[in-house]
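Have a look at this one before I ask anything.
Owing to the predicted nature of the structure, the values given are computational and were not obtained by experimental measurement. In this chain, residues are counted from 1 in sequence order.
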Amino acid sequence: MTTEIVIKNIDKEKFFSRYFFYVTSGGKNKNESIKQTKKLRKHNPVFLIRKKGNLIGAFKNEIKDEGIKKLSFVEFDEFSGYDIFDMALRALSYEKYKEFGADFYVTKLYYVLESKKNFIKALEFKFNNQERCLEMNVKSFFKIKSAPNVFPKYELLGKSLVYSEKDENVYISKSFDKKNKVDFLVFKKDSKLKKTKMYALKEVVKSIKECFEEIEWEFKDFEMKTYFYASNKKKKNITSEMKKAILGEIEKINIVNYCSCEIGFLEEFLKENGIKYEYSDSIKEGYNLTITKNKEEYDEGEDPYHKGESENTYIQNIMESSLKDLKKEKNKNATFENLLKELVVKKEVKTKKIILPEHIPDEKIVFFLKEKDKIYGVEVEKDRLNFDINVSAAEKYNGIFKNGDMILIKGKNVNLIKDTKKYVIFNPLRLDEIEEGVDFRRKEYGIKQVFEGIKYWKNGYAVGYVDNAPQRLGYGMKIRNVITLDGEILMEDILNMLQEFFVKYKNLTVYPYPKKYIREYYGLS
């Protein structure tokens, strides 16, 4: 099951009879658009929505305002079932204002997860009409001092986040805030579960079905096969073999401590793993670990990280602030192992010879990645990497090759891997059937199996966890589509190259691993 919505049946007349619908021009520019939005907003709309260049508002009462036209059912009937589902989602903030929050400036649905005196954390629910799926985006709101001309202005009403005209409740919002990440799911029905995306999704789904019975819909469901799932024992074998390969590759490290930091705990780790080390004032041939101050502490061009670098030097840097954080970490060894892994990757890229991957294609495959409207590529043939390639083979697909996408070319077969906004889920309403305090990782619930390993189907895949199910899933299983541009689908090659644990150390990678080499070679952050 996925977060894609399927409309089965809809009674448009019943939904239309709930509200009075009015339409006005969406505006030719941003200023005009804001002006038209304010014009409708002053009449307290249930929701606002933009369709076909127009701004449409739904109201509980009839309104009279010059330039605002009442919408007839004949005109309303032209909207698709998915348009109306979008309207219902927006209307939920009005119909269920005690449970959900409404932003009456742009009319979005918020599910408040946490509220403090000067801080609000919420999930913004919106319908993606292009992909026909529900999106759940984390939004953080921080209270600031009175500022009459600052938008948005919000206040908290119970669990609801509502638009406010009061200056004392002015918040600024952040669309992405690492510190306020929201877990996708925890596998125990307790207070922590109530602060996850799956629980919030359950509440929203329940409310839509209760409020708008005239819309029959469901999440898209289809058969997904499991391509790879590592047992705990198998994963330990894989990761221990990878660690052996790393330690077998790195016999000695040159440490250049540019800021005279205390690194006794790093020395202990190197000794425990049988790695020789020495200190020097400069980079030497072979493996180097540099320790520098934070970048902002250096004047432009003075950062010593790449000082003395050559084709025969492989350098991994640790910043002083990271070292301080490391001292507090319980599992320092995992971080240091990852640093060693990154050193080996740097050697692979410079020597253009593959060392770490277990799955190496037997035929030549060319990979292209698009970032910031520029195309980068690498050719993989057996254990060799070639970055000196012509990107014209990918440029011909520029119309559909977007930023973040990946193209694979093997012989006459050309495939495009595309991110979507969709995620793999189970039926969220099942959470209501589970008793409080129960750990539902147990096999009989059939929930943890949904997120195990690499799932695939005819033209797509999603990557989950391996090993025993963790107590919590920090991230969901994002769906990626595989589109055949020429020839045949290369699904087997793609799936093989996801079974690697070195890209995301000790976790499966979500893109074929050559993407890691492209990003490393071209310095893509």
### Query
Does the gap between the ring centers of Y110 and F125 come in under 6.0 Å?
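No.
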
#### Entry: K515 to Y376 six-membered ring, cation-pi geometry met (6.0 Å, 45°)
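That pair does not qualify as a cation-pi contact.
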
### Query
Is the shortest side-chain N to carboxylate O distance from D183 to K181 below 4.0 Å?
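Yes, this pair counts.
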
### Query
Have S80 and D83 got a donor and an acceptor in their side chains that come within less than 3.5 Å?
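Their side chains do contain a donor-acceptor pair, which is all the 3.5 Å distance test asks for.
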
### Query
Do K189 side-chain atoms and L431 backbone N/O form a donor-acceptor pair below 3.5 Å?
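A pair under 3.5 Å: yes.
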
### Message
Rounded to the nearest 0.5 Å, what separates atom CD1 in I447 from atom CG in L185?
### Response
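The CG atom of L185 is 7.5 Å from CD1 of I447, to the nearest 0.5 Å.
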
### Residue pair M1, N427: steps toward the side chain to side chain contact (heavy atoms under 4.5 Å, CB included) verdict
CA-CA 7 Å; M1 183 176 287; N427 182 353; 4.1 Å; yes

### Query
Just checking, is any N or O donor in the side chain of N459 or N481 under 3.5 Å from an acceptor N or O on the other one?
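No, N481 and N459 have no side-chain donor paired with an acceptor closer than 3.5 Å.
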
### Message
Let me confirm one number: the NZ-NZ distance from K206 to K96, rounded to the nearest 0.5 Å.
### Response
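Output value for this atom pair is 8.5 Å.
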
### Task
Using distance alone, with no hydrogens and no angle criterion, decide if T509 and E500 have a side-chain donor and acceptor under 3.5 Å apart.
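There is no such pair between these side chains.
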
### Task
Answer yes or no on whether K202 is positioned over the face of Y199, meaning its NZ or CZ is under 6.0 Å from the six-membered ring centre and within 45° of the axis.
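Here K202 passes the 6.0 Å and 45° test against Y199.
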
### Query
With a 4.5 Å limit on heavy-atom distance, are the side chains of L416 and T484 in contact?
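Side-chain contact under 4.5 Å: no.
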
### salt bridge (charged side-chain N to carboxylate O under 4.0 Å, His left out) partner of E214, the single match among K12, K209, R18
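Among K12, K209, R18, the one that satisfies the salt bridge (charged side-chain N to carboxylate O under 4.0 Å, His left out) with E214 is R18.
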
### Task
State whether F401 and K370 meet the cation-pi test: NZ (Lys) or CZ (Arg) under 6.0 Å from the six-membered ring centroid, and within 45° of the perpendicular axis.
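Pair K370/F401 counts as cation-pi.
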
### Query
Does a side-chain N-to-carboxylate-O contact under 4.0 Å join E131 and K421?
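So E131 does not pair with K421 through a salt bridge.
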
### Message
Quick one about Y505 and E337 (side-chain donor to acceptor, distance below 3.5 Å, no hydrogens or angles considered), yes or no?
### Response
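Yes, because at least one side-chain N or O of E337 sits under 3.5 Å from a partner of the opposite role on Y505.
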
### Query
Would F142 and F119 count as a close aromatic pair, with their ring centres under 6.0 Å?
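Centroid separation for F142 and F119: below 6.0 Å.
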
### Query
Considering only heavy atoms from C-beta outward, does the side chain of W217 approach that of V205 to under 4.5 Å?
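Counting from C-beta outward, W217 and V205 do come under 4.5 Å.
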
### Query
Salt bridge check: are E4 and K422 linked by an N-O gap of less than 4.0 Å?
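Salt bridge between E4 and K422, a charged N being under 4.0 Å from a carboxylate O: yes.
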
### Task
Look at the aromatic rings of F451 and F426 and report parallel, tilted or perpendicular, splitting at 30° and 60°.
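The arrangement is perpendicular - the two ring planes meet at more than 60°.
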
### Query
Strictly by modelled atom types, are E492 and Y227 linked by a side-chain donor-acceptor pair under 3.5 Å?
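Result is yes, a qualifying pair exists.
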
### Query
Within a strict 4.5 Å, meaning less than it, do heavy atoms of the V510 and R480 side chains meet?
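Answer yes - side chains close enough.
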
### Query
Does V345 reach the side chain of K341, with side-chain heavy atoms less than 4.5 Å apart?
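SC-SC contact between V345 and K341 confirmed.
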
### Task
Begin with the C-alpha distance, continue with both residues' side-chain angles, and end with the deciding distance and a verdict on ring pair (Phe, Tyr, Trp, His ring centres under 6.0 Å) for F21 and F76.
CA-CA 9 Å; F21 290 88; F76 181 83; 4.8 Å; yes

### Query
NZ of K235 to CG of N507: how many Å apart, nearest 0.5 Å?
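One gets 5.0 Å once the value is rounded to the nearest 0.5 Å.
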
### Query
Have T24 and K39 got a donor and an acceptor in their side chains that come within less than 3.5 Å?
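Their side chains do not contain a donor-acceptor pair, so the 3.5 Å distance test is not met.
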
### Message
With salt bridge (charged side-chain N to carboxylate O under 4.0 Å, His left out) as the test, pick out the partner of E114 among K192, K194, K121, K139.
### Response
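Answer to the salt bridge (charged side-chain N to carboxylate O under 4.0 Å, His left out) test with E114 among K192, K194, K121, K139: K121.
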
#### Entry: N61 versus Y19, side-chain donor and acceptor atoms under 3.5 Å
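Not at all, the side chains of Y19 and N61 share no donor-acceptor pair under 3.5 Å.
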
### Query
So, do F440 and F187 have ring centers that fall under 6.0 Å from each other?
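Between F187 and F440, which both carry aromatic rings, the centre distance is below 6.0 Å.
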
### Query
Is there a donor in the side chain of T37 and an acceptor in the side chain of R50, or the other way round, less than 3.5 Å apart?
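Yes, a side-chain donor-acceptor pair sits under 3.5 Å.
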
### Query
Going by distance alone, is a donor N or O of one side chain under 3.5 Å from an acceptor N or O of the other, for K346 and Q316?
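Yes.
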
### Message
Regarding D439 and R441, does a basic nitrogen lie under 4.0 Å from an acidic carboxylate oxygen?
### Response
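Salt bridge: yes.
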
### Query
So, K14 side chain and F212 main chain: donor-acceptor pair closer than 3.5 Å or not?
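Not a single qualifying donor-acceptor pair exists.
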
### Check ion pair K51-E78 (N to O, under 4.0 angstrom)
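No, this pair does not count.
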
### Task
For Y511 and D419, run side chain to side chain donor-acceptor pair (under 3.5 Å): C-alpha distance rounded to whole Å, both residues' side-chain angles, the deciding distance at 0.1 Å, then the answer.
CA-CA 10 Å; Y511 268 94; D419 259 6; 3.0 Å; yes

### Aromatic contact, F85 with F127 (centres under 6.0 Å)
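Yes, the ring centres sit under 6.0 Å apart.
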
### Query
Checking D190 side chain against L193 main chain: does a donor-acceptor pair fall under 3.5 Å?
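Yes; judged by distance alone, with no hydrogens or angles, the pair exists.
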
